[in-house]
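This chain uses plain numbering: 1 for the first residue, then up along the sequence.
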Amino acid sequence: MSEAHSSGCARDTIPHERGQAAARGPADWLALAAAPTFAIMALLTAVLGGGPGDMICAGMQDGSPLSGMVMMYVLMSAFHSAPWLKLIFRRRSGPA
């Protein structure tokens with residue numbers, strides 16, 4: 001059971017529900033870190049090469065165009081972009 005603070009907010013509520021967007025927890029920061037991390041990994045893999053994994057994939061004659069490490073990192077970055085989109089749209093809409 002959650003304790004109530006003097007402000008009347010429950011301790012276990014989500015920060016944005018209390019109106020404290022600046023108070024982010026570790027899970028929020030981790031969610032925001034995923035997309036840029038995968039984008040950087042895609043860039044580094046494209047520039048520096050993929051290493052041993054590319055040797056295995058290079059042996060396939062009719063491989064899918066989505067079958068490279070760079071493409072995998074690009075897709076992972078896109079799939080993890082939801083927290084960034086929420087943050088952008090929340091800032092554009094202004095305070096509620």
Original post:
Just how far is it from atom CG of Leu44 to atom CE of Met69, taken to the nearest 0.5 Å?
Top reply: 12.5 Å

Original post:
Within the distance-only criterion (no hydrogens, no angle test), does the side chain of Ser77 pair as donor or acceptor with the backbone N or O of Val74 below 3.5 angstrom?
Top reply: no

**OP:** Might you point out which heavy atoms bring Ala33 and Thr37 nearest each other, and give the distance in Å?
**Re:** O-OG1, 2.6 Å

Original post:
Are Trp29 and Leu87 linked, directly or through other ILVMFWY residues, by side chains that come within less than 4.5 angstrom of each other?
Top reply: yes

Subject >> Within one Ile-Leu-Val-Met-Phe-Trp-Tyr cluster: Leu48 and Ile40, side-chain cutoff 4.5 Å >> reply: yes

Subject >> Value rounded to 0.5 Å, distance of CE in Met41 from CE in Met72 >> reply: 6.5 Å

Subject >> Linked, directly or transitively: Leu30 and Trp84 (ILVMFWY side chains, under 4.5 Å) >> reply: no

Subject >> Contact summary for Ala35 and His80, nearest pair of heavy atoms >> reply: CB-O, 3.5 Å

**OP:** Please report the shortest heavy-atom distance between Ala42 and Tyr73, naming the atom on each side.
**Re:** CB-CB, 3.5 Å

